[in-house]
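To start, the structure under review is shown below, and the notes come after it.
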There are 2 protein chains.
Amino acid sequence: MAGTKIRNMEEFAKLSGISRPTVSKYFNDPDSVRASNRIRIEAALERYEYRPNIYAMNQNRKLTKNIGIVVPLLSDPYFAEIARNLEQRCIAAGYRPSLFSSHGDPVLEVQVLDTLRSLKPVGVLLAPLGRASNPKALEKFCNDVPTLIFDSSVDEIGLAFVGSDNFQFTAHITDYLCRTGEPPCFFEMKTPANPNAHRRRQSYVNAMERFGYKPDVISVGGEGWGLEEIGRLGGHEALRKGWFSTNTILCSNDRLAIGLLTACYEQGALVGRTADSTIRVAGQDGHPHSRYTCPPLTTISHDYDAVSQTAAETLFASIEGKMSPWKSTRLEGKLILRDSA
Amino acid sequence: MAGTKIRNMEEFAKLSGISRPTVSKYFNDPDSVRASNRIRIEAALERYEYRPNIYAMNQNRKLTKNIGIVVPLLSDPYFAEIARNLEQRCIAAGYRPSLFSSHGDPVLEVQVLDTLRSLKPVGVLLAPLGRASNPKALEKFCNDVPTLIFDSSVDEIGLAFVGSDNFQFTAHITDYLCRTGEPPCFFEMKTPANPNAHRRRQSYVNAMERFGYKPDVISVGGEGWGLEEIGRLGGHEALRKGWFSTNTILCSNDRLAIGLLTACYEQGALVGRTADSTIRVAGQDGHPHSRYTCPPLTTISHDYDAVSQTAAETLFASIEGKMSPWKSTRLEGKLILRDSA
DNA sequence: ACAGTTATTTAACGCGCGTAAAATTAGTCA
DNA sequence: TGACTAATTTTACGCGCGTTAAATAACTGT
């Protein structure tokens, strides 16, 4: 503001009347300098609006402040929401997050990891693609860069794993459905991209057997991340061919359920728990959109906030030297009762 | 792979038998070195897997290869999709994109711009928050960094503007609705975040008057970016109080329409164009989710690909020196007929 | 094979800041 | 006030690469 543009830290230090190394210390941790100096630096900062050159900063530093956030598919509002949450936590903790999406493509995932490497991050929060991921590339990356895996686990790689407790998810909602009506069939993809799907199917089977019912799993075809369309097409086929053995359908996830609801609508099947309804549909995930389906979708929701908080704090602790052995944290979900089941 | 880890370009140059400045040239543009040398470098690259240090690269360079992409709300699949598209185009053109979201918050938007500045990007693709944006901060940023504005325009700032032709959008779908049933009312937010909303309302009014109908605009309250909920709550109120003067409702955008559909469902109003339906609902945007509403939403869709392509190519041209005066490009949308109207 | 052009090599400087060591100063407490 | 400790200043080097200028080598067409 005050006329001259500051070119570097040297000039800024001179203008604020403080030595450059102290100013440098200040930028790396404002609390590491004496209060009187901090005040003078911040006063000068107001007047001259100088920012250290991040390239020069990071070049000759052992540890950057960068944190990479990688999600498999940013156009899925679930991941977008998690990413937003993580991003804010990183900023609040004084790190510089950068966001990446694999866009559902394993080749891109490897590419993203490669890009990330060149950023020399102190840590990475990674939600892998899952089944499609290149396991060797993932493992190699985790060996080079402190990485916390979240959402979907891949062996015991990285610093730790944080995600939802898929067994609890499915057991809980299966229990609810059994108590309130006919026991559910399970609607899923034949070859799901996300390994959580297998846990959910298994949990469904376990729960049904525990209740003394016969499990009925309907697996539909389709590849990739267009889950709504897979659910819709699979739903049409299943409805037409009478694959559903009961009037209650538990979907492996909300996006599949959204597609199934569309299929039901298109076939004139009334979904809900009212007397005139012919079918009940439930999802799993607590997808941001699930509130707005018709009827609104009964589901079991991730604890978004707890997942991101646990993931972020575990990574921060590890970065700050509070190392701990590999650990898997799985958080419970909350049942959200709406009109669909 | 071959044993030793390469520390810097000097070492890599030695191992590949080529001088460092030539290797440096190669990395800035592989085609700028003699073919024989390019082949030798690439061979060495295979064997030793060396990557230049991006911090050292960017520090002493006048122009980086960085491009910033900023969207107002990444958890909106529309913006997520546009961002994905832009990102891929940047990579294909040899740039390094980094993605940011303002998360609907004007304070964050300014913060993002500030972060972006320190990245010293050669160019930025910016979709502003709109009404909530800090216009001074935006203008200042555009003066400092070559910025192309997309999606929603803010005066004549930046290199150029690329977006959809909101007048065409609304005129086109209003025309369709008038020809196929009762003329529509217009359902919108009282204080929309996005300035495109005003164009759409205006276009609706114009179109109705052109057809000799009386326009009827229903503006509902609510702030922020939770458009589905605003549409749902506003929809409930409008339905209860009989604010809709005809059986056809054109929504200012798809997310509002999705909320309105939920309200209709919750009040037992049958939406569609069949004989037994009591109400027709149409949206605008071609939101990724609009296919899966019940009934599937009739809408007019952005030409995602054309918008991103035009935006990216305009920016690239400007970066590469092919400067041109400020220009506004507005692309037409395509009507997508589905069951809701 | 030769002159003419273009690309490469050599040598060297600088970018802006992190960081370390030694000298100095400011703050603390009795 | 003095002795002690913690913070700051001074000085200086190095990070890895961009970039330039001059010297040299490699291609081009004839």
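Labels below follow one simple rule: chain letters A, B, ... track the order of the sequence lines, proteins then strands, and each chain is numbered from 1. Note that these values count all heavy atoms, side chains included, but never hydrogens, waters or copies made by symmetry.
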Is a donor from one side chain sitting under 3.5 angstrom from an acceptor on the other, for B:Arg20 and B:Asn8? no
Is the shortest side-chain N/O distance from [X] to OP1 or OP2 of [N] below 4.0 Å?
X       : N      : result
B:Asn37 : C:dT8  : yes
B:Thr22 : C:dT8  : no
A:Ser24 : C:dG18 : yes
B:Asn28 : D:dG18 : yes
B:Tyr50 : D:dC17 : yes

Can you find a heavy atom in the side chain of B:Ile54 that is under 4.5 Å from one in the side chain of A:Tyr55? no
In whole Å, what is the span from the NZ atom of B:Lys120 to the P atom of D:dG18? 16 Å
Figure out the NZ/P separation between B:Lys25 and D:dT19, and round it to whole Å.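 Atom NZ in B:Lys25 sits about 11 Å away from atom P in D:dT19.
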Please confirm whether the backbone N or O of A:Val145 pairs with a side-chain atom of A:Thr147, one donor and one acceptor, at under 3.5 Å? yes
Side chain B:Ser102, main chain B:Gly104, donor-acceptor under 3.5 Å: no
Between B:Pro21 and B:Gln59, who's closer to the 5' end of DNA chain C by nearest nucleotide?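 Result: B:Pro21.
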